[in-house]
Asks: 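Take this structure, written in structure tokens, and hold onto it; I'll ask about it next.
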Amino acid sequence: MRFLTGLLLAVAVIGCGRTDAENARRLAVSPRGARLVSIPGATFSFRESMAVNRTVVTVKPFQIEATEVTVSGYAACVGAKACVVPAGEGRVEKHDEPMCNWGKPGRGDHPINCVSPAEAEAYCQWNGGRRLPTIYEAYWAALGDGRMSEAERLGERHRIYPWGRDEPEKVEHCWQRGSVGGTQGGVASPITSTAPPVAADLGTCPVASYTGDRSPFGLYDTAGNVAEFVFDPKPITCISTKGEEPCPRENMFRVTGGTWHDHGLMGNQSPADNHPVSRARHPWYGFRCVAGPA
């Protein structure tokens, strides 16, 4: 009986015929949006980009989307008149427009980009009352691991990348696709590779195209494709010599993680790397949503 049950299960899995990444991508383009992944609450040490000291922070259990929000997913929100059309004169710099995914044929399964944090929040709210992750939730979801001991969570030697501490050149993910410093885009190769340079910007990849940067919790593209908007409840930009000051909400967003445009000679593909949103709409900025109270 046990053998028969196992055989039926194997047949069911084979019959499904899809990998986890394929299933994640299939859900990401549906009107309901990406699959939610449950992340356990934890206390861990967090270090602000370029900061010397770490801060111990605690996050409650939450759910986060396995993939970045896609063009198709965002289009459902536009169709419901809950999101604005991310196109039009003056939204982005002229030279960035070709890399914006909205309205481009064949880009439905690519991440939506060239949107602002406020537009990202509007989508999340429309899709079941979700929200943008906090900077701490994004960090833990991308770099954490439920098998970590307390000493590992509170220690100095966290993962640098979702896959561990190996340099990005050794792992396939959606990067090196820019005309400056790019090679074949996504391939695992050292920066001294003889691979031909990219003649023009290739832009984003379909979500979950690569499994090399899949996080231990099951998130895709946290180290590539598009950097993601996160909410920073204690933004360093609103701290002065006088201490913390009231912060306008538009100053409380950052982006975290690597992008399709990064390469071995610039940027940091680590989800631990984060910086203020200097210009809201950009071809290498996107987002994913979370469910649950902050």
Side-chain angles (χ1 to χ4, degrees), residues 3-40 62-76 101 104-113 127 130 133 138 140-147 159 161-164 166 168-177 183-189 202-228 257-260 262 269-271 286-291:
F3 171 78
L4 180 60
T5 301
L7 181 61
L8 289 172
L9 179 61
V11 169
V13 170
I14 293 171
C16 180
R18 297 190 187 95
T19 65
D20 181 74
E22 289 169 337
N23 279 322
R25 190 159 54 250
R26 177 170 165 264
L27 287 172
V29 299
S30 70
R32 294 183 61 186
R35 179 182 74 217
L36 287 169
V37 176
S38 295
I39 309 294
F62 62 98
Q63 293 182 300
I64 188 168
E65 292 171 341
T67 55
E68 293 156 342
V69 174
T70 62
V71 174
S72 291
Y74 190 86
N101 287 333
K104 303 294 192 306
R107 297 236 158 184
D109 58 356
H110 286 238
I112 187 67
N113 56 3
N127 191 13
R130 299 177 188 180
W140 177 241
L143 299 178
D145 188 334
R147 298 166 296 183
R159 280 183 176 83
Y161 306 103
W163 55 82
D166 284 341
E169 291 82 8
K170 299 179 181 179
V171 179
E172 289 189 339
H173 60 293
C174 186
W175 76 313
Q176 296 194 123
R177 293 171 62 83
T183 55
Q184 296 178 11
V187 297
S189 61
L202 298 177
T204 57
C205 306
V207 297
S209 290
Y210 296 98
T211 58
D213 66 347
R214 184 178 185 270
S215 79
F217 286 128
L219 276 63
Y220 292 92
D221 295 320
T222 57
N225 224 352
V226 288
E228 300 172 17
T259 80
W260 60 268
D262 291 338
Q269 287 73 52
S270 172
F287 67 99
R288 72 181 79 210
C289 308
V290 302

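Both backbone and side-chain heavy atoms feed into the values below; hydrogens, waters and symmetry mates do not. Residues: numbered from 1 along the sequence shown.
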Asks: State the OG-CD1 distance between Ser38 and Ile64, to the nearest 0.5 angstrom.
Replies: 11.5 Å
Asks: Nearest heavy-atom pair of Leu219 and Ala141: which atoms, and what distance?
Replies: CD2-CB, 3.7 Å
Asks: Go through the structure and list residues passing side-chain contact (heavy atoms from CB on, under 4.5 Å) with Glu65, not counting sequence neighbours.
Replies: Ala34, Leu36, Val69, Asn127, Arg130, Arg288, Cys289
Asks: If you take all heavy atoms of Asn225 and Pro206, which pair is closest and at what distance?
Replies: ND2-O, 4.0 Å
Asks: Looking only at heavy atoms, which two atoms of Gly257 and Ala227 are closest? And how far apart?
Replies: O-CB, 3.7 Å
Asks: How close do Ala24 and Tyr220 get, counting heavy atoms only, and between which atoms?
Replies: CB-CE1, 4.0 Å
Asks: Is there a donor in the side chain of Thr204 and an acceptor in the side chain of Asn101, or the other way round, less than 3.5 Å apart?
Replies: yes
Asks: Between the main-chain N or O of Ala66 and the side-chain N or O of Arg35, is there a donor-acceptor pair closer than 3.5 Å?
Replies: no
Asks: Is it the case that the side chain of Thr70 and the backbone of Asp109 share a donor-acceptor pair, with hydrogens and angles ignored and the cut-off at 3.5 Å?
Replies: no
Asks: Hey, what do you get for OG (Ser30) to CZ (Arg25), rounding to the nearest 0.5 Å?
Replies: 13.5 Å
Asks: Identify the heavy atoms of Cys205 and Tyr210 that sit nearest to each other, and give their distance.
Replies: SG-CE1, 4.0 Å
Asks: Is there a donor-acceptor pair closer than 3.5 Å between any side-chain N or O of Thr211 and the backbone N or O of Arg214?
Replies: no
Asks: Using ring-ring contact (aromatic ring centres under 6.0 Å, His included) as the criterion, list what pairs up with Phe287, not counting sequence neighbours.
Replies: Tyr123
Asks: Taking all heavy atoms of Val71 and all of Pro111, pick out the closest pair and write down the distance.
Replies: CG2-O, 4.0 Å
Asks: Just how far is it from atom CD of Glu68 to atom OG1 of Thr222, taken to the nearest 0.5 Å?
Replies: 8.5 Å
